[in-house]
Amino acid sequence: MTLRRVAVLGSTGSIGTQSLDVISRHRDEYEVVALAARNNGALLDMQAKEFGVSADRAVLAPTDRQLAELARLDDVDVAINAVVGFAGLPVTISALEAGKRLGLANKESLIAAGPVVAKARAAGGGEIIPIDSEHSGLYQCLRSGGTSEVRRLILTASGGPFRGRSAESLAGVTVADALNHPTWNMGAKITIDSSTLMNKGLEVIEAHELFGIGYDDIDVVVHPQSVIHAMVEFTDGATIAQLSMPDMRLPIGLALGAPSRLNEAFGTIDWTSLSQLTFEPPDTGAFRCLGLAYAAGRAGGAVPATLSGANEIAVEAFLAGALRWNEIAEVVEEVMQHDVGPADDLEDILAADRIARERAKKVLDKRLADRRTQ
Ligand code: MG
C-alpha cells in the first residue's frame, strides 16, 4: 500500500494527539507532513521532531491563511481537522476545494458553513470522513444500504453528567460538575456541549450536512452506556447499529484508512461483562439546547452559524465562571431571535458568526450588569 501523507491541524489537542498516536503505530502506512497548533508550542516541537516535520510545516498559532495553506499542500492526502471551534473553518474549506480527504473532527465548520462547505465539496471533489463517534458510526452503518433505502438516522447520546436531572436542579451546577463526563474524555468545549446536549444538537445538523438526510428523519436517543454510537433504520425495517468501545482512535483510523479498516482494535466489547444496553428519550425541557439546534438546522442558511457562534461565547463565559449553566441555552436562544443575513459565501458565514458573537457578548454583558445591580 502506498504511504498516505497526513496533515494534522490542531495537533496538540485531544483528537490531534490521538491521531498522531494512531499514525505512530502505523508508520508503514501513514506519514505526517504538516502540523499546526494554537498553543502548547513545546508539545508541537516534540511532535515535529518525532514525525520528522520541517519547522516551516509545524506552525504554532497559525493564521487562517496558514491553516488553509497547510490543508491544501500538494503532498497532503488526508487533512485531519482537529482545530477547536469555528477557527477550523479554513481547514475544511481549503481541503475540500483542493480535492483532499478531510478527516473532520471540527464539526463547527460544517455546521456553521453548511451551504458553503457543500459548494467547496462539489467544486473540488474532496471527501469528508467524519471523526465524530456518532457520524463515523453512521458512515459505517450506511455501508449496508443506499441513501434511497434509508428511513432514519439515529444518533445516540450518553446524556452527559446531568442525565436524569431536573431543570431546577441544574441551575446551580459548577464548571467542575459539567466537565465530569461519564464516558468520554474530551476537550473542555465539547465536554460542556455534551452536558447541555448542544453537542448532540450540533451533531444532528452535522449528520444532515454529511449525509443529506432531512431533519424529520434524524432522531436522538439517550444511551448511557455509549456502546452503540449510531444506528440507521432502513426502509425494510432493518436497523443496523455500530457498536464499539468509546475510543476516538477507531474513527480516526477509519478517516485515515477508509475504505479500509485499521488492523488494530483499541478495545473490543466483552459480551460477558456487558449486561445491558438501555435507551431513553432525551429530556428536551431540561436540555433546551437540543431543540434550539433542531430549530436552527431547519431554518438553515446562516442560522446554524448563529447558533454555533453564540454557543461558543456562552460556553467560554460558563467556563470562565461568568455565566450559569442553564443560561447557556438562554443566551443562544436570545441571539437566535435576531434576523440573520444570507449564507451564500464564506464572507456571509464569517459575518454571521461575528454578529452572533457580538450579540452573545451583549446579552452576556447585560446579564452581568443586571446581576451586579441586583
Ligand atoms: Mg460525537
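Numbering of ligands and ligand atoms starts at 1, following listing order.
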Exercise for the section: May I ask you to list the protein N, O or S atoms found at less than 2.8 Å from the Mg ion (ligand 1)? Expected result: Asp132 OD1, Glu134 OE1, Glu203 OE2
Problem - Between Ser308 and Asn311, a side-chain donor and acceptor under 3.5 Å - result: no
Practice task
Please tell me if the side chains of Arg101 and Asp77 come closer than 4.5 Å, counting only heavy atoms from C-beta onward.
Solution key: no
Exercise for the section: Identify whether the distance between the nearest side-chain nitrogen and carboxylate oxygen of Glu50 and Arg27 falls below 4.0 Å. Expected result: yes
Exercise for the section: Give a yes or no on whether the backbone of Gly201 and the side-chain of Asn199 come within a donor-acceptor separation of less than 3.5 Å. Expected result: no
Completion exercise
Per side chain to side chain donor-acceptor pair (under 3.5 Å), Asp370 is matched among Arg367, Lys366, Arg372 by Lys366
Exercise for the section: Over 60° means perpendicular and under 30° means parallel, so classify the ring planes of Tyr215 and His208, tilted if in between. Expected result: parallel
